[in-house]
Amino acid sequence: MVNGYKPATLQEAIAIRSREKVIPYAGGTDVMVRRPEGVPFLFLNDIDELKQIKDDGEYIRIGAAVTFTEGLKSDLVPAVMKEAVSRIAAPAIRNAGTFGGNLGNGSDKADSVMAGFALDGRVRLVSVSGERILPLGEFCIRRGVTAIRDDELIAEILLPKKNCDLPYYYKKIGGRNALAISRVAIGGVYSVKDGVIEQFTAAFIGGGNVCKRFEEIEATIIGKTVDEVKANAEEYVNAYAESMTFTRGRVSAEYRKTVIMNLLKDFIQTING
Amino acid sequence: MNGINFKLNGKDVCYEGAATERLLDVLRDDYELKSVKCGCKEGECGACAVLIDGVLTNSCCVAMGAVDGHEIVTVEGYRETARFAKLSEKFAELSAVQCGFCIPGMILAAEAILSVNPHPTEDEVREGLSGNICRCTGYNAIVNAVLNAAKEGDGLW
Amino acid sequence: MKEICKSIRKKDHDPKIEGRSVYVDDYVTTADGREILTGRLLHSKFAKARVLGVKLPELPDGYTYVDASDIPGDNNVNIVLDDTPVFCRDTVEYIGEPIGMLVGPDKTVVDRLLAEIEVTYEELEPVLDIRTADESFFNYEFGHGDVEKAFAEADKVYEEEFLTGYQDQTYLEPQGMMAEPEADGRMFVHGSLQCAYYVHGAVARALGTGPDGVHILQDVTGGGFGGKEDFPSIIGCQVAVAAKKVGKPVRCVFDRREDLEFTPKRHPSLCKYKVAVKDGRVTAVDADVRFNAGGYSTLSAVVLQRGIIAAPGVYDIPNVHVTGKAVKTNTNPCGAYRGFGAPQTFFAMEMMMSHIAQDLGEDSIAFKERHFVKQGDTTSTNGKYHFPVPVPAMLGEIDALCDLRKKHIEYRKPQTGRYRRGIGFSAVFHGAGFTGSGERDLIKATAKLRKYADGTVEVLASNGDIGQGVRTTFPKIVAHELNIPFERVYYNHPDTARVPDSGPTVASRSLMIVGELLRRAAIKLRDIWQEGVEQEVEEHYKEPDFMIPFYLDRFEGDAYPTYAWATSAVEVEVDTFTGLVNILGAYGSFDVGTPVDYNIVVGQMEGGFLQGLGYASIEKMDYDGKGRIRNNSFTDYLVPTSMDVPNMKAVMHVEEYPDGPYGAKGAGELPLVAPPPAYIEAVEMALGGAKVHPLNRIPFSTEDVILEWNKEVL
């Protein structure tokens, strides 16, 4: 193959990756728009190990080359992830775009990555020298920059099973009803026992230059009663707003801030239990 | 590995060019399949949509290396089928073709909807066509044509 | 329904749906087998600059740079005035202005070489603000009655400003033209275009050949909406000059970003309205209309004319004064887009009427209703509404569709909670055909029918099918009158070498004007029909006798022979947490006279209606402090998808026009004009009405909703 490699296995792929500068290619929907020249592509789209969705008891493991459409068809993929993925672009893009690509391209508007954050997900990276599992918060550094090394490939997204069946909140605001990039999106899961919040996550698109959670704020919510949290919703929302940096892009910072705060309030008010 | 081997409209072909080339450009320039239209080259309009293994895909966002071992269908390879004839008849009845530039992609999007869901609701059709921009019709005629094809094409899909 | 209204299979249905239609980018070689070179334009990077030099990289064999020095004829593109150059003169007047063209066999190499060209500029201060721009290409003023007296006697005077933004036509097929030098020395230019004879005049002038030295063919065209009215003349000249220089066929097809950034769009506008009200009735309108023309005048004169003539809307107002300016800024030249200046002023006038009614405490539908023009009333230009005005009946029709009147009052009441509802109404017209005496004095359309010995009949006219269906409707009219099967009449894409000039494909005129010529020609042919011989008949445009002559210098007389009418309602639910506007329903009643093919006309209405909704809401395009359009991709310029307005309903109201074929009037543009004011009135109503949140601009995005809503919260 001229200017490309199409390994049959992950082993072969990481061997090529360790040897030479290549551009990992999973679904193509992002890389073909940017279309960097002069560097061969490493085609991962037909590597069986990267196309699996598995339940290992602790994690739901989504292979990096699983397409969004394939994810939507799977019974294993949690509801919040499905909802996020179902709103990505349009069918032809969901048919090609992958979970690994969405994470690997470092977009700060990656819907599946945001849902992964909400689920406290991790990423499994592999290379010839072994593998690393990183929380998404460590992997996503800022727009366009991730913690991946030049010799690594994304193998799987790991979603902790304990979070997968929790009640969730998800809202995406794009420029239109389809084919729209998130201007603001928010997703989170929670659990309540005897009126006390035991688990709470909230992840955001539009609250900085990277998809993000704020674990220190989450910690102040966990352990409180639902009633307390609802009564003090304003305070929590303000704490979030202060931790975020709202930037101007396709929409203004003021818009992003207002909508994120409104939706976060809505999230808190809709907590059941 | 030498060339890129794939099936194109039912025939085995081997592409000898670079794996980084766009499927869209190769289909139009090398195989002269001009039903595949270039509307934006960014995956935002669906004019270049083709079926890869029966799945709707924007050919502008596919590199040639990725199609190795797969099967591609464009309207040139679809227009002789009974399914196409049914869709064409229903599109004609509602005059759903105006400028025509989005139509080959739209037809393949319709096939992609009906091949997995022979009796879609209007919402499902609208979602299935949502990546195919049409600036002429306002979509009603196209959506209704697909629904009519589903209704009367019983057994075809 | 008349027989002629019944829908038939469109002539171009099969080739288009089968993917066999050849658009300009689809030619592998020329018809005679020659290689086609790729031409790509070198665009200015500055909004205003003197071009000091162009340094070319070393050009491989077969690659050529073309610029103004290569123009054999005249470096002025024939549009309305002469100011638009084929390639830039000493200065560039907007970002994107073509400086030259690089031509060669390999697209990739052409693009690489183009990127290596170094242009040195002396940057000059650009003019970018429509408010402060002091140079105007066109200034008009007209009116009737005594405006000053009306303001002096008014109970109340209202003043408000309205802003509208760019709108891009977003035809799915980008601009593209191709030129082929022919063996006989003529230049053959063809491509994606609306007006073959406009291109003909422009190319002949640029090449200096005289009219017989060129001929122009319309290829299958993937949408126009006005965007391919003047621009193909410019690219047509560029490829022709290039082809002339290299002696080979040259094709230039824009990519989407180039098309979004550097081709004509709808003029942004600033309209200042001053309205006098006495005893609850509008007695005077003083409208100051400013259109941002961009760097060259192109079509701004005629766009502005249509816009200002519509300034008082569909209302009978005794005293009117209108001024119109097309100001020059160092931005992309604006041009034609469906509606042609009227969407801007109708938006202003409809919102003005709504705001006044709200201030007076009257339901705005009832208020508007009291002012509707009727047959026999005077137009803004002292012409006459010669025919019945069906607007009251059409208001009734959309009321029946969506319970408009009741909801319009219901939603005005205070609302609580996250989701708020509103419903808006608008009534508009579209003057049918060219403005003023254009048809009579400038176009002088001629159409022909040629009957062949085998009994088939060919339509010879210059109107291009751009999706609106004239390849179907023209033959349908002819077949109907000749009483022969539809299959025996055909209409090919026009080539100026073989068709007469029946005028451009603009102004919703093709069916009404040329369709009528063809109908009359068919009757003539029917009368002289002889089996087995070739026969030809010809018809020329004649102005209807009832017309009050129009004088452009005074804006006096009948600007249009008749009008197409629309009423629309848009119902929304606004999410005050996110600014999302859910369009619950969009309803339009349209009178375009007799629909010559029902499905085709409904398709026009629905397509135009959705474009109008996009214009009002999500279609946002603007330039930055340097004059650069930033929304130059489909990621950043959003048009509606199939999921955005799922419940849109168009109904037809038929008020026949005696001088149109079977009663048909102009259709194409009308549906776009109606929705913006209805949409904005609905959103405004949901936000609490004009007293708290007066809205006066489009597009009004989800972000705008939130920023407006915050004004109250803060």
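If you're wondering where the values come from, they're calculated on a predicted model, not measured in any experiment. Labels below follow one simple rule: chain letters A, B, ... track the order of the sequence lines, proteins then strands, and each chain is numbered from 1.
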**Q.** B/Ser88 vs C/His13, side-chain hydrogen bond (donor to acceptor under 3.5 Å, both in side chains): CA-CA, chis, key distance, verdict
**A.** CA-CA 8 Å; B/Ser88 180; C/His13 173 84; 3.0 Å; yes
When you compare the side chain of [Y] with that of [X], does any pair of heavy atoms fall below 4.5 Å?
X: B/Met106; Y: C/Ile17; answer: no
X: B/Cys136; Y: C/Phe225; answer: yes
X: B/Tyr139; Y: C/Met643; answer: no
X: B/Glu42; Y: C/Thr635; answer: yes
X: C/Arg20; Y: B/Arg79; answer: yes
X: C/Pro640; Y: B/Arg135; answer: yes
X: B/Lys34; Y: C/Val28; answer: yes

Q | Over all atoms of both residues, closest heavy-atom pair of C/Gly19 and B/Ser35 | A |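 Taking every non-hydrogen atom into account, CA-CB, 3.7 Å.
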(Q) On a heavy-atom basis, which atom in B/Gln98 and which in C/Lys16 lie closest, and how many Å separate them? (A)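 So the two residues come closest at O-NZ, 2.8 Å.
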Q: Against chain C, label B/Phe84 side chain, backbone, both or neither, depending on which of its atoms sit under 4.5 Å from a heavy atom there.
A: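 Interface part for B/Phe84: side chain.
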Q) Any ion pair linking C/Asp26 and B/Lys37 (charged N to carboxylate O, less than 4.0 Å)? A) yes
Q | C/Lys107 with B/Asp29: basic N within carboxylate O range, under 4.0 Å | A | yes
**Q.** Part of C/Asp597 within contact of chain B (heavy atom distance under 4.5 Å)
**A.**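 Contact with chain B: side chain only.
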